[in-house]
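First the structure, in the form of structure tokens, and then the observations on it.
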Amino acid sequence: MDFEGVSNNYKAPKSFKDSMDHLQKSSREIADSHLHIMIRKKEVLPNATQVDFKNDLDRLLGEIVRILKT
């Protein structure tokens with residue numbers, strides 16, 4: 001199962017699901033935009049602002065820690 005499938009089927013509060021949806025959709029769009037363009041002599045890599053998923057990743061890691069402690 002991929003991340004989207006896990007996110008859609010995981011029983012969690014709406015706020016957690018919203019964070020995981022944001023993480024999945026935004027990261028996929030950024031990756032797709034870089035994967036589906038023609039290769040040029042010079043490429044611009046995603047910048048720190050584009051890939052700043054600190055809040056969503058923090059919630060995901062917090063949930064993983066909570067599950068592992070039970």
Could you name each residue pair satisfying salt bridge (Lys or Arg N to Asp or Glu O under 4.0 Å) that touches residues 61-70, not counting sequence neighbours?
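For residues 61-70, and leaving out neighbouring residues, the salt bridge (Lys or Arg N to Asp or Glu O under 4.0 Å) pairs sorted by first residue read Glu63-Arg66.
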Could you name each residue pair satisfying salt bridge (Lys or Arg N to Asp or Glu O under 4.0 Å) that touches residues 15-36, not counting sequence neighbours?
Lys14-Asp18
Okay, side chain of Asp52, backbone of Ala48: is any donor-acceptor separation there less than 3.5 Å?
no
Asn9: what forms a side-chain contact (heavy atoms from CB on, under 4.5 Å) with it, not counting sequence neighbours?
Met1
Could you work out, with ring pair (Phe, Tyr, Trp, His ring centres under 6.0 Å) as the rule, every residue matching Tyr10, not counting sequence neighbours?
Phe16
With sequence neighbours left out, write down each residue that passes side chain to side chain donor-acceptor pair (under 3.5 Å) with Ser15, or none if nothing qualifies.
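For Ser15, the residues satisfying side chain to side chain donor-acceptor pair (under 3.5 Å) (neighbours in sequence not counted) are Arg59.
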With Ser26, which residues qualify under side chain to side chain donor-acceptor pair (under 3.5 Å), at least two apart?
His22
Find out whether Phe3 and Leu23 are in side-chain contact, i.e. whether some heavy atom of one side chain is under 4.5 Å from a heavy atom of the other.
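Side-chain contact under 4.5 Å: yes.
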Working to the nearest 0.5 Å, report the span between [atom1] of [X] and [atom2] of [Y].
X: Ile64; Y: Leu57; atom1: CD1; atom2: CG; result: 9.5 Å
X: Asn8; Y: Met20; atom1: CG; atom2: CE; result: 12.5 Å
X: Asp56; Y: Leu61; atom1: CG; atom2: CG; result: 11.0 Å

Shortest non-hydrogen separation from Ile67 to Thr70 and the atoms involved
O-OG1, 2.8 Å
Shortest non-hydrogen separation from Gln50 to Ile30 and the atoms involved
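It is O-CD1, 2.8 Å.
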